[in-house]
Amino acid sequence: MRRLFPVTDPTPPVPGGAERPDGREWTLDELADAYAYPADGTWLRGNMVSTLDGAAQHEGRSEPISSAADMRIFGTLRALSDVIVVGAETVRQEQYRPARARAAFAERRRAAGQGPAPVIAVVSASLDLDFSLPLFTEPLVPTLVLTGAAAPPGRVQAAERAGAEVVVAGDGPGVEPGRAVRALAGRGLTRQLTEGGPRLLGQFAAAGVLDELCLTVAPLMTAGDAQRIAGGPSLAVPSRFGLASVLEEDGFLFTRYRRI
């Protein structure tokens, strides 16, 4: 892996002071340093992958357009976060499981005052979820379900019986993005990561609460009618983001953009 931008910011040094050869695989510690959250405040980061022609999925899943390096960054971003916010449809399509504790990040998480693994927070208006899945019955830390005040009471009770904690973040049936961010921050979950899906990412962007987007650009073409990385409501005025960094490996570009 090599850093393409910023050119004035050198790649992390190889232990012992030697110069890093281009193409050497970065350690998880080096990736964690490169993707560290800001020291203070609440920060919502999105992480998505897209093909050259704008597809966020192939045959309904993101895995076919990913890579080994992308998955290392994916795991690092998870390990740095307090909470992973994900839409119900993505939970169903990607067969989400509980986040796991990873020994490589254990000391870093302890030093940051974090638990052994990030919380998974599922956003759902209808709570049409399979509460018998390990995501709800076997998490290392209890799974949260973000919903609106008008959510079906029977489904709320089903979630709670399964061990999930229901968090109301909207006055109607749905979740208000800004309230979701604040509700999570109120629980001390300020390092926030969303992995989509596209509709949820679009809602966060439209509400102006997305602080950063980590976008992997895969050197692939899929054609077809796959979703973009963001959907849902359009913005009256496009939101401007500034380029923060670009890494490259095997033709995949790992970009970071921050809201200006």
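Values in this document were obtained by computation on a predicted structure and should not be read as measured data.
- Once rounded to the nearest 0.5 Å, the distance linking CG of L220 with NE2 of H58 reads 9.5 Å.
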Quick one: side chains of residues 205-213, donor-acceptor pairs under 3.5 Å with protein atoms, not counting sequence neighbours, listed by atom name and distance.
residue	atom	partner	partner atom	Å
D211	OD1	R259	NH2	2.7
D211	OD2	L44	N	2.8
E212	OE1	W43	NE1	3.0
E212	OE1	R258	NE	3.3
E212	OE2	R45	NE	2.9
E212	OE2	R45	NH2	3.2
E212	OE2	R256	NE	3.1
E212	OE2	R256	NH2	3.4

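- One hydrophobic cluster holds both L146 and L201 under the rule that ILVMFWY side chains link at heavy-atom gaps under 4.5 Å.
- Closest non-hydrogen pair, A101 versus A117, comes out as N-CB, 3.9 Å.
- Counting only distance, with no hydrogens or angles, the side chain of T137 and the backbone of L133 share a donor-acceptor pair below 3.5 Å.
- In this structure, the side chain of D250 does not engage the main chain of F252 through any donor-acceptor pair within 3.5 Å.
- Under a hydrophobic clustering in which Ile, Leu, Val, Met, Phe, Trp and Tyr are joined whenever their side-chain heavy atoms come within less than 4.5 Å, directly or via other members, F136 and L140 fall into different clusters.
- Under the 4.5 Å side-chain heavy-atom criterion for ILVMFWY residues, a single connected hydrophobic cluster contains both F131 and V91.
- Residues L135 and R97 are not in side-chain contact: their nearest non-hydrogen atoms beyond the backbone lie 4.5 Å or more apart.
- Under the 4.5 Å side-chain criterion, counting only non-hydrogen atoms from C-beta, F241 is not in contact with I260.
- To the nearest 0.5 Å, atom CD1 of residue I73 and atom CG of residue L31 are 5.5 Å apart.
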- [ ] Give the intermediate values and the outcome of side chain to side chain contact (heavy atoms under 4.5 Å, CB included) for residues Y257 and C214.
- [x] CA-CA 6 Å; Y257 289 86; C214 297; over 6 Å; no
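- Under the side chain to side chain contact (heavy atoms under 4.5 Å, CB included) criterion, A36 pairs with no residue, sequence neighbours left out.
- The shortest side-chain heavy-atom distance between T194 and I84 does not fall under the 4.5 Å cut-off.
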Kindly list each side-chain donor-acceptor pair under 3.5 angstrom involving residues 120-129, sequence neighbours excluded, with atom names and distances?
residue	atom	partner	partner atom	Å
S124	OG	L127	N	2.8
S126	OG	D128	N	3.2

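- When hydrophobic side chains of Ile, Leu, Val, Met, Phe, Trp and Tyr are connected at separations under 4.5 Å, F74 ends up clustered with M71.
- For A32, the side chain to side chain contact (heavy atoms under 4.5 Å, CB included) partners at least two apart in sequence or on another chain are T76, L80, F105, R108.
- Under the 4.5 Å side-chain contact rule for hydrophobic residues, Y37 and L247 share a cluster.
- Counting only distance, with no hydrogens or angles, the side chain of T90 and the backbone of G197 share a donor-acceptor pair below 3.5 Å.
- Each of R3, E249, R72 was compared with W26 under the side-chain contact (heavy atoms from CB on, under 4.5 Å) criterion, and only R3 meets it.
- A side-chain donor-acceptor contact under 3.5 Å links E94 to the backbone of S62.
- Under the rule for a side chain to side chain contact (heavy atoms under 4.5 Å, CB included), the partners of S50 that lie at least two apart in sequence or sit in another chain are L215, I229.
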Open item on the list: With side chain to side chain contact (heavy atoms under 4.5 Å, CB included) as the criterion, how do V145 and V167 come out once you've worked through the C-alpha distance, each side chain's angles and the decisive distance to 0.1 Å?
Closed with: CA-CA 6 Å; V145 177; V167 179; over 6 Å; no
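- In this view, R109 satisfies the salt bridge (Lys or Arg N to Asp or Glu O under 4.0 Å) rule with no residue, not counting sequence neighbours.
- Considering only residues two or more places apart in sequence or on other chains, E63 meets the salt bridge (Lys or Arg N to Asp or Glu O under 4.0 Å) condition with R61.
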Just distance, no hydrogens or angles: give the donor-acceptor pairs under 3.5 Å from side chains in residues 171-189, sequence neighbours left out.
residue	atom	partner	partner atom	Å
D171	OD1	R179	NH1	2.8
E176	OE2	D171	N	3.2
R182	NH1	G178	O	3.4
R187	NH1	E165	OE2	2.6
R187	NH2	E165	OE2	3.2

TODO: In sequence, state the C-alpha distance, the side-chain angles, and the governing distance for V166 and T147, and then conclude on side chain to side chain contact (heavy atoms under 4.5 Å, CB included).
DONE: CA-CA 7 Å; V166 177; T147 193; 3.8 Å; yes
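- The two residues P142 and G163 make their nearest non-hydrogen contact at CB-O, 4.2 Å.
- Residues forming a salt bridge (Lys or Arg N to Asp or Glu O under 4.0 Å) with R92 (at least two apart in sequence, or on another chain): E89.
- A donor-acceptor distance shorter than 3.5 angstrom exists from the side chain of D53 to the backbone of A223, with no hydrogens or angles considered.
- The two atoms that bring L193 and S81 nearest to each other are CB-CB, 3.9 Å, heavy atoms only.
- Judged as a side chain to side chain donor-acceptor pair (under 3.5 Å), and not counting sequence neighbours, the contacts of S66 are D70.
- The CZ atom of F5 sits 11.5 Å away from atom OG1 of T255, with the distance rounded to the nearest 0.5 Å.
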TODO: Kindly indicate, with the supporting measurements, whether the criterion side chain to side chain donor-acceptor pair (under 3.5 Å) is fulfilled by D82 and Q114.
DONE: CA-CA 7 Å; D82 296 326; Q114 296 173 299; 2.8 Å; yes
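- Using a 4.5 Å cut-off between side-chain heavy atoms of Ile, Leu, Val, Met, Phe, Trp and Tyr, with links allowed through other members, L243 and V217 fall into the same hydrophobic cluster.
- For E248, the side chain to side chain contact (heavy atoms under 4.5 Å, CB included) partners are R2, L4, L253, not counting sequence neighbours.
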TODO: Report the C-alpha separation of T27 and D29 in whole Å, then their side-chain angles, then the decisive distance to 0.1 Å, and conclude whether the side chain to side chain donor-acceptor pair (under 3.5 Å) test is met.
DONE: CA-CA 5 Å; T27 68; D29 275 339; 5.4 Å; no
Open item on the list: Run L77 and Y35 through side chain to side chain contact (heavy atoms under 4.5 Å, CB included) and show every step you take.
Closed with: CA-CA 7 Å; L77 295 182; Y35 283 92; 3.5 Å; yes
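- The heavy-atom pair separating S239 from L235 by the smallest distance is CB-CD2, 3.6 Å.
- V83 places none of its side-chain heavy atoms less than 4.5 Å from the side chain of P118.
- More than 12 non-hydrogen atoms from other residues, nucleotides or ligands lie less than 6.0 angstrom from CG of D130.
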